[in-house]
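By convention here, the first residue in the shown sequence is residue 1.
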Amino acid sequence: MLSRLDLLESEAVHLIREVVAEFDRPALLFSGGKDSAVLLKLAEKALAPAPIPFPVLHVDTGHNFEEVIDFRDRRAAELGVRLVVASVQDSIDAGRVAEPTGKGASRNRAQTVTLLDAIAEHRFDALFGGARRDEERARAKERMLSFRDAFGQWDPRNQRPELWNLYNGMIHPGENVRAFPLSNWTERDVWTYIEREGVELPSLYFAHARKVFERDGMLLADTPFLPREPGEQLVERSVRFRTVGDMTCTGAVPSAAATVAEVIAEIAATGVSERGQTRADDRASAAAMEDRKREGYF
């Protein structure tokens, strides 16, 4: 009998193969995080023994963790896939977006313009992403094959039915879709798959000593990109990161979990999603993620 993980893997592999068959210029959004690392592993399995035929795309805010960038570059080189880096700094320099300022300023939202520009430049018609429905309420509304209009925008009322795992990939020139093979996975499923398949991850997903400070109930890494306010004391703690992104809005959690098995046990004991606990950008408003998705964010 197939396990839950086998069924999830089969569903993800099916979607990857469908997108490769139906679309001309797909790409895989690869941040170097755990979900995109699993997605890359699934793409390997789905298309073996052939090499992965599409590029991986990273929208780089310029404020990323060094460990993640090193991992991103090494994995792309190991797999022999083309790495396309779309730079938020380039968008700022070109006057396409303004540099956010003030307390809590983050380039995370500025990624939308950079992403849409990269889609237009490279004429991508489908992008694989590692978003999951359990992460956040707006992502729970997504279809596995999510339609975007000619402006790159998402309308939750204008999505297509996916009965019996049949996907409608018909689009007009300029439109694109976002494909989410991990939609039905949970954080625990992802980590269980990482354990089963031996998927490598950046070291910051495991407990390590790091200088952090507390802001709004979150532990943020010491970085020149995020000036501390008066009273925000820097301390060294044993922490790990449940998700990775821009250093200015990604929080750590106190942890002693140094192995995959220990991380799985830790996740089983928590009742808060990783984005709800560790992403400051999702706390801007109750509809923060949905607002960004409507603008074209992943």
Side-chain angles (χ1 to χ4, degrees), residues 15-16 18-33 35-36 39-40 43 52-64 69 72-73 76 79 81-100 106-131 138-139 141-160 167-183 245-246 281 288-298:
L15 180 61
I16 292 169
E18 284 289 305
V19 169
V20 171
E22 290 192 45
F23 293 88
D24 295 324
R25 299 180 68 86
L28 187 149
L29 200 68
F30 184 65
S31 66
D35 298 302
S36 58
L39 196 55
L40 202 55
I52 294 174
F54 44 76
V56 295
L57 168 66
H58 182 215
V59 181
D60 184 0
T61 67
H63 295 169
N64 294 287
I69 298 300
R72 177 203 71 184
D73 294 345
L79 291 172
V81 295
R82 182 164 67 96
L83 173 63
V84 177
V85 178
S87 168
V88 172
Q89 183 62 57
D90 288 348
S91 297
I92 293 171
D93 294 343
R96 295 283 292 146
V97 296
E99 176 77 67
S106 169
R107 290 181 173 184
N108 209 48
R109 189 160 189 163
Q111 292 180 94
T112 300
V113 171
T114 307
L115 171 63
L116 295 179
D117 286 350
I119 291 172
E121 177 185 352
H122 298 278
R123 296 182 290 114
F124 294 136
D125 54 4
L127 284 176
F128 292 106
R139 285 182 166 171
K141 298 179 182 179
E142 286 277 21
R143 300 294 169 87
M144 295 191 73
L145 201 62
S146 183
F147 172 73
R148 298 299 197 272
D149 64 21
F151 300 99
Q153 297 176 335
W154 174 68
D155 181 354
R157 298 167 299 179
N158 184 27
Q159 298 298 315
R160 296 159 177 178
Y167 305 109
N168 180 358
M170 295 290 293
I171 59 173
H172 294 107
E175 298 172 341
N176 66 85
V177 300
R178 314 290 171 85
F180 299 113
L182 304 183
S183 287
D246 193 298
D281 50 325
M289 174 62 80
E290 182 159 336
D291 291 342
R292 283 177 308 195
K293 290 177 75 65
R294 287 178 181 271
E295 295 169 358
Y297 186 76
F298 222 89

Are side-chain heavy atoms of [X] and [Y] found at a separation under 4.5 Å?
X      : Y      : result
Leu115 : Leu57  : yes
Asn168 : Leu145 : no
Phe23  : Asn176 : no
Asn64  : His58  : yes
Leu40  : Ile52  : yes

For the student: nearest non-hydrogen atoms of [X] and [Y], plus distance:
X      : Y      : answer
Phe54  : Val20  : CE2-CG2, 3.7 Å
Gln111 : Asn108 : NE2-OD1, 2.6 Å
Ala43  : Leu28  : CB-CD1, 4.3 Å
Asp35  : Gly130 : CB-O, 3.6 Å
Pro26  : Pro55  : O-CD, 3.5 Å
Phe147 : Asn158 : CE2-ND2, 3.8 Å

Can you confirm whether Arg123 is buried at CZ, in the sense that more than 12 heavy atoms of other residues, nucleotides or ligands lie under 6.0 Å from that atom?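 Atom CZ in Arg123 is not packed in, count stays at 12 or less.
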
Interatomic spacing from [atom1] in [X] to [atom2] in [Y] - rounded to 0.5 Å:
X      : Y      : atom1 : atom2 : answer
Leu127 : Ser146 : CG    : OG    : 11.5 Å
Arg178 : Arg148 : CZ    : CZ    : 4.5 Å
Ile69  : Asp73  : CD1   : CG    : 6.5 Å
Phe151 : Leu116 : CZ    : CG    : 11.5 Å

side-chain contact (heavy atoms from CB on, under 4.5 Å) partners for Glu18, two or more places apart:
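Here the qualifying residues are His14, Glu22, Tyr167.
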
[X] side-chain N/O to [Y] backbone N/O, donor-acceptor pair under 3.5 Å:
X     : Y      : result
Arg25 : His122 : yes
Arg72 : Leu83  : no
Asp60 : Val85  : no

side-chain contact (heavy atoms from CB on, under 4.5 Å) evaluation trace for Ile171 with Val177: CA-CA 8 Å; Ile171 59 173; Val177 300; 3.9 Å; yes

Which pairs, with at least one residue in residues 88-98 and sequence neighbours excluded, count as a side chain to side chain donor-acceptor pair (under 3.5 Å)?
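Only Gln89-Asp93, Gln89-Arg107, Ser91-Thr114, Arg96-Asp117 qualify under side chain to side chain donor-acceptor pair (under 3.5 Å).
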
